[in-house]
Amino acid sequence: MIDDDIKLAAAVAELNSTPWVALDTEADSLHAYPEKVCLIQISSPSGDLLIDPLGAINLTPLFKFLGEHELIMHGADYDLRLLRKHHEFVPRAIFDTMLASRLLGIAQFGLTHLVSQYLGVTLEKGSQKADWAQRPLTERMETYARNDTHYLKPLADRLAAELGAKGRLAWHQESCARLIADCAQPKVPDPDLVWRIKGSNRLTRPAMAVLREIWHWREEEAIAADRPPFFILQHEALLDIAAAAAGDKPVEPLVPRRFPDRRKAGLARAIQEGLAVPALKRPEPIKQVFRRISDATKRRALELQKQRDARATELGIDPTLIASRAVIMDLAESWDVHQGELMNWQRELLK
């Protein structure tokens, strides 16, 4: 495990001449809040490395090195967002083996299945839900982590050859570039939406005011405890408590029996703050905006969908890779306005 600057400097020096590098990360979203990058796995011709971002280590040299290479990854979306959020790292280029397999029409595109199908190797996936912040890692966790990058290069070579043979390598390159661009944009949550959990729209306005306050209280508790919010209170409990409080019904039976007194007091304060919100300042249900679609637009959408489905069948790929239903409707309303949202290969297939 590389967990200090001296070890990292030696590793980066050895990696500098590598012709390829595979990358993956492990986070602790099931065990901590907010989640953090707990492990960085790298494979290269020199071997497999495990890097500890939780140690006393300056990762700047590592990210400088990674930024100079195309990175082989699998299902890179979550990893890229984590690295952008916590380390401000955005790669120059990637080869995503999951994207590659989907563009080849492979229905089971998990890493375990692909490694088995292409390389004849069976991977154990028993550590997916492990607490990756624990130290030291168990031998089983280390093996699992190394396997996530160890086979990516030979897998990428096989997939790239098939993409090239089918004339889809440029599709993959464009799709990877789009993925990098999308993940590089930090998502700023809307403060009026973050607390609106599933089912909140069915509550009365007084109950929504309570829900908003106890949701924010739960966030503070989760951060202080470094535990995911659902460990504090489940979503369903928040809804039930908000409805009961606003309906002047007892809340106590809805609170977990082993809830600490301090949390009970904090929850009670949040409920009272919610109940005290003036009527005019209580949240309103989000009104569904129904899209008025003309008959002409419906006809164009149907034609586009037929064309998309026919091309997808011909190519043996998921039709939504070419365009989702929402995109089809946008294009039907105005091709000129929305066609720029398509990648070049998608646009060509829909012309």
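Residues: numbered from 1 along the sequence shown. All figures in this text were calculated on a predicted structure; none of them were measured in a lab.
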Check the pair Glu219, Tyr33 against side-chain contact (heavy atoms from CB on, under 4.5 Å), reporting the backbone distance first and the verdict last. CA-CA 9 Å; Glu219 282 291 292; Tyr33 191 74; 2.6 Å; yes
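- Here the closest non-hydrogen pair linking Met329 and Thr297 is CE-CG2, 4.2 Å.
- Between Leu302 and Lys306, some side-chain heavy-atom pair lies under the 4.5 Å cut-off.
- Not a single donor-acceptor pair under 3.5 Å links the side chain of Thr320 to the backbone N or O of Ala323.
- Trp345 and Trp171 have parallel rings, their planes meeting at less than 30° on a 0 to 90° scale where 60° marks the start of perpendicular.
- When all heavy atoms of Ala209 and Arg282 are compared, the pair lying nearest together is CB-CG, 4.0 Å.
- With respect to Arg300 and Glu333, no salt bridge is recorded, no charged nitrogen being found less than 4.0 Å from a carboxylate O.
- Checked for salt-bridge contact, Glu221 and Arg263 meet the test: a charged N lies under 4.0 Å from a carboxylate O.
- A donor-acceptor distance shorter than 3.5 angstrom exists from the side chain of His69 to the backbone of Phe65, with no hydrogens or angles considered.
- Counting heavy atoms of neighbouring residues, nucleotides and ligands inside a 6.0 Å radius, atom CD of Glu14 does not exceed 12 of them.
- With no hydrogens or angles considered, a side-chain donor-acceptor pair links Thr25 and Asp79 at under 3.5 Å.
- Among all heavy-atom pairs drawn from Cys38 and Trp132, the shortest one is CB-O, 3.3 Å.
- Closest non-hydrogen pair, Asp96 versus Leu99, comes out as OD1-N, 3.2 Å.
- With respect to the salt-bridge test (charged N to carboxylate O, under 4.0 angstrom), the residues Arg158 and Glu162 do not qualify.
- A continuous path of ILVMFWY side-chain contacts below 4.5 Å connects Leu159 to Leu119, so both sit in one hydrophobic cluster.
- Using a 4.5 Å cut-off between side-chain heavy atoms of Ile, Leu, Val, Met, Phe, Trp and Tyr, with links allowed through other members, Val194 and Ile197 fall into the same hydrophobic cluster.
- Between Arg196 and Pro285 the shortest heavy-atom distance is NH1-CA, 4.2 Å.
- Linking Ile, Leu, Val, Met, Phe, Trp and Tyr whenever their side-chain heavy atoms come within less than 4.5 Å puts Leu49 and Leu66 in one cluster.
- Between Arg135 and Asp52 there is a salt bridge, with a side-chain nitrogen of the basic residue lying less than 4.0 Å from a carboxylate oxygen of the acidic one.
- Surrounding CZ of Arg202 are at most 12 heavy atoms belonging to other residues, nucleotides or ligands under 6.0 Å away.
- Hydrophobic clustering keeps Phe95 apart from Ile40 (ILVMFWY residues linked when any side-chain heavy atoms are closer than 4.5 Å, directly or through intermediates).
- Of all heavy-atom pairs between Asp5 and Ile57, the closest is OD1-CA, 3.3 Å.
- The aromatic ring centroids of His235 and Phe230 lie 6.0 Å or more from each other.
- Taking the ring centroids of Phe109 and His74, they lie at or beyond the 6.0 Å cut-off.
- Hydrophobic side-chain contacts under 4.5 Å tie Val289 to no other Ile, Leu, Val, Met, Phe, Trp or Tyr residue.
- Salt-bridge formation is not detected for the pair Arg299/Asp295: no Lys NZ or Arg NE/NH1/NH2 atom is positioned less than 4.0 Å from an Asp or Glu carboxylate oxygen.
- A salt bridge links Lys64 to Glu68: at least one charged side-chain nitrogen sits closer than 4.0 Å to a carboxylate oxygen.
- When the shell of 6.0 Å around CD1 of Ile6 is examined, it contains 12 or fewer heavy atoms from other residues, nucleotides or ligands.
- Counting heavy-atom neighbours within 6.0 Å of Glu314 CD, excluding the residue itself, gives a total above 12.
- In the hydrophobic cluster analysis, where Ile, Leu, Val, Met, Phe, Trp and Tyr join through side-chain heavy atoms closer than 4.5 angstrom, Leu50 is grouped apart from Ile72.
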Cut-off 3.5 Å, no hydrogens considered: what does the side-chain donor-acceptor table look like for residues 243-259, sequence neighbours left out?
none

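- Ion pairing of Glu35 with Lys85 is present here, as a side-chain N (NZ or NE/NH1/NH2) and a carboxylate O approach within less than 4.0 Å.
- With hydrogens and angles left out, the side-chain atoms of Gln117 and His113 include a donor and acceptor closer than 3.5 Å.
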Residue pair Leu137, Met1: steps toward the side-chain contact (heavy atoms from CB on, under 4.5 Å) verdict: CA-CA 9 Å; Leu137 299 178; Met1 176 84 79; 3.5 Å; yes
